[in-house]
Amino acid sequence: MTRRLALVGLGPGDPDLLTAQAARVLNEVDHLLVADKTAQHPGTADLIAMREEICRRHVRGPWHLVAVPDPERDRDDPTDYAGAVRDWHEARAIAFEATLLEHPGDAAILVWGDPSLYDSAIRLADRIEERGVVDVEVEVVPGLSSVQLLAARHRLVLNAVGGPITITTGRRLLEDATAGDNLVVMLDGSLTCRRLPERAAWNVWWGANLGSADEVVVAGRLDRVVEEIAARRAEARAARGWVMDTYLLRRA
Ligand SMILES: C[S@@+](CC[C@H](N)C(=O)[O-])C[C@H]1O[C@@H](n2cnc3c(N)ncnc32)[C@H](O)[C@@H]1O
């Protein structure tokens, strides 16, 4: 029998930011699945607790949350990054497939933010479908992304009038900043904007742990505020054991 597999965007942390559609789907399915990275990153137990809080607020009656242990990713082979990612995606598909076999009925995978942005849930579901071991009908339920919340907190229009916007990662920032002058940076574990040449030529709008009780935002000319951002970032990480931050960089 075909089972429903919904990929539900939860928004970036604040239970108030869950959409009505997402809340409806969470109430309709039998199991709520969440990737569990606590073995690799113990601090992320907090992120599972935040998802539970969202369920507490929005799911009527009891719910069944299943934490699916995330397989280890082989980061030791820089010569075959793509291969390491491919193997990891396959291992994740097998882990979720095993969970679905163990728990019959409809399921939702709880996705941080929106599934369309730097998230592997859609590829994961595609792979589960392709493997054909579990018969699933996949649907995507959009959520508010951290990028939208960053823009709201700073009262920003992300693009300049009629202009483009690049969404990139810390890993690619130095290269992408040579071509773009309006960039959103995500997945930046080391505040790469500190290494940009001509820091006085950029403005930054930064936000960490947006949507949580201890969210922090800073904006200004990059050379003037970057050390404050580094300090606030370090404080946020020390307080929770993890920090997630996103920023817009725009050439002044
Ligand atoms: C794996 S990506 C997931 C993005 C997510 N799908 C979204 O729509 O926001 C994780 C990155 O998203 C950003 N992020 C997620 N939640 C955030 C939050 N609450 N505050 C600031 N940035 C956040 C950070 O750049 C983090 O490194």
Side-chain angles (χ1 to χ4, degrees), residues 6-19 21-22 33-38 40-41 43-54 68 70-71 73 75 81 85 88-89 92 108-126 140-154 156 158 165-173 176-177 183-194 204-219 229-230 232-237 239-249:
L7 314 178
V8 179
L10 295 186
D14 180 348
D16 277 355
L17 296 177
L18 191 82
T19 69
Q21 187 182 51
L33 313 186
V34 58
D36 180 359
K37 300 176 201 286
T38 47
Q40 296 94 325
H41 309 286
T44 56
D46 210 18
L47 288 168
I48 296 190
M50 287 169 82
R51 288 175 171 103
E52 280 179 307
E53 179 54 29
I54 292 173
V68 184
D70 218 32
R73 182 153 131 193
R75 289 172 191 273
Y81 180 74
V85 171
W88 178 63
H89 281 166
R92 283 190 106 191
I109 298 181
L110 306 185
V111 177
W112 196 257
D114 181 71
S116 70
L117 209 51
Y118 294 113
D119 190 275
S120 56
I122 293 178
R123 290 191 189 99
L124 170 70
D126 287 348
V140 177
V141 180
L144 196 86
S145 83
S146 52
V147 178
Q148 288 161 293
L149 189 53
L150 176 80
R153 290 294 190 257
H154 287 288
L156 275 175
L158 288 176
I165 176 153
T166 303
I167 300 181
T168 191
T169 61
R171 187 190 285 261
R172 293 194 44 125
L173 173 62
D176 289 342
L183 306 104
V184 169
V185 186
M186 304 177 77
L187 287 166
D188 186 358
S190 49
L191 205 60
T192 309
C193 59
R194 269 206 281 202
V204 63
W205 292 263
W206 173 85
N209 299 351
L210 295 162
S212 73
D214 55 357
E215 82 171 21
V216 37
V217 292
V218 174
I229 292 174
R232 306 293 297 273
R233 191 176 193 283
E235 278 166 22
R237 183 195 282 280
R240 283 196 170 235
W242 56 270
V243 61
M244 283 200 287
D245 58 339
T246 303
Y247 51 97
L248 175 78
L249 280 173

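Atoms within a ligand are numbered from 1 in the order they appear, just like the ligands themselves.
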(message) For Pro71, is there any backbone N or O sitting under 3.5 Å from a side-chain donor or acceptor partner on Trp88?
(response) yes

(request) Pull out every atom of ligand 1 sitting under 4.0 Å from any heavy atom of Gly113, numbered as shown with elements. (result) 7 (C), 8 (O)

(message) Can you confirm, on distance only, whether ligand 1 has an N/O atom lying under 3.5 Å from any N/O atom belonging to Leu210?
(response) yes

(message) So if I count the atoms of ligand 1 from 1 in the order they appear, which ones are less than 4.0 Å from some heavy atom of Met186?
(response) 4 (C), 9 (O), 12 (O), 13 (C), 25 (O)

(request) Show which atoms of ligand 1 fall inside a sub-4.0 Å distance from at least one heavy-atom site of Tyr118. (result) 1 (C), 2 (S), 3 (C)

(request) Classify the contact between Asp245 and ligand 1 as side chain, backbone, both or neither, using a heavy-atom distance cut-off of under 4.0 Å. (result) backbone

(request) Looking only at distances, please establish whether an N/O atom of ligand 1 is found under 3.5 Å from an N/O atom of Asp119. (result) no

(request) Indicate yes or no for a side-chain donor-acceptor contact from Gln21 to the backbone of Gly143 under 3.5 Å, with no hydrogens or angles considered. (result) no

(request) With Arg171 as the cation and Tyr118 as the aromatic partner, state whether NZ or CZ is under 6.0 Å from the six-membered ring centre and within 45° of the axis. (result) no

(message) Can you confirm, on distance only, whether ligand 1 has an N/O atom lying under 3.5 Å from any N/O atom belonging to Trp112?
(response) yes

(message) Is it the case that the side chain of His89 and the backbone of Leu124 share a donor-acceptor pair, with hydrogens and angles ignored and the cut-off at 3.5 Å?
(response) no

(request) Please could you name the atoms of ligand 1 that Pro12 approaches to less than 4.0 Å, counting only its heavy atoms? (result) 19 (N)

(message) Using a 4.0 Å cutoff against the non-hydrogen atoms of Asp114, which atoms of ligand 1 qualify?
(response) 6 (N), 7 (C), 8 (O)

(message) Are Asp114 and Asp119 packed together at the side-chain level, in the sense that at least one heavy-atom pair is separated by less than 4.5 angstrom?
(response) no

(message) Does any N or O of ligand 1 fall below 3.5 Å from an N or O anywhere on Leu187, backbone included?
(response) yes

(request) Look at atom 17 (C) of ligand 1 and say which protein heavy atom is nearest, naming residue and atom and giving the distance to 0.1 Å. (result) Ser146 CB, 3.5 Å

(message) Is any side-chain heavy atom of Pro142 closer than 4.5 Å to one of Thr19?
(response) no

(request) Mind checking the CD-CG spacing from Glu52 to Leu47? Nearest 0.5 Å is all I need. (result) 11.5 Å

(request) Please assess Thr166 against Asp176 for the test side chain to side chain donor-acceptor pair (under 3.5 Å), listing each intermediate value before the final yes or no. (result) CA-CA 8 Å; Thr166 303; Asp176 289 342; over 6 Å; no

(request) Pick one of side chain, backbone, both or neither for how Asn209 approaches ligand 1, counting any non-hydrogen atom pair under 4.0 Å. (result) backbone

(message) Quick check on contacts: which atoms of ligand 1 are under 4.0 angstrom from a heavy atom of Ser145?
(response) 7 (C), 8 (O), 9 (O)

(request) Give the residue and atom name of whichever protein heavy atom lies nearest to atom 21 (C) of ligand 1, and the separation in Å to one decimal. (result) Met244 O, 3.1 Å

(message) I need the nearest protein heavy-atom contact for atom 22 (N) of ligand 1: residue, atom name and distance, please.
(response) Thr246 OG1, 2.7 Å

(message) Counting non-hydrogen protein atoms only, what is the nearest one to atom 4 (C) of ligand 1? Give residue, atom name and distance.
(response) Leu117 O, 3.4 Å

(request) Return yes if some donor-acceptor pair links the side-chain N/O of Asn209 with the main-chain N/O of Met244 below 3.5 Å, else return no. (result) yes

(message) Show the atoms of ligand 1 that are less than 4.0 angstrom away from any heavy atom in Gly207.
(response) 21 (C)

(request) Give a yes or no on whether the backbone of Arg153 and the side-chain of Glu215 come within a donor-acceptor separation of less than 3.5 Å. (result) no

(request) Let me see the working for Val111 and Val140 under side chain to side chain contact (heavy atoms under 4.5 Å, CB included), right down to the final yes or no. (result) CA-CA 10 Å; Val111 177; Val140 177; over 6 Å; no

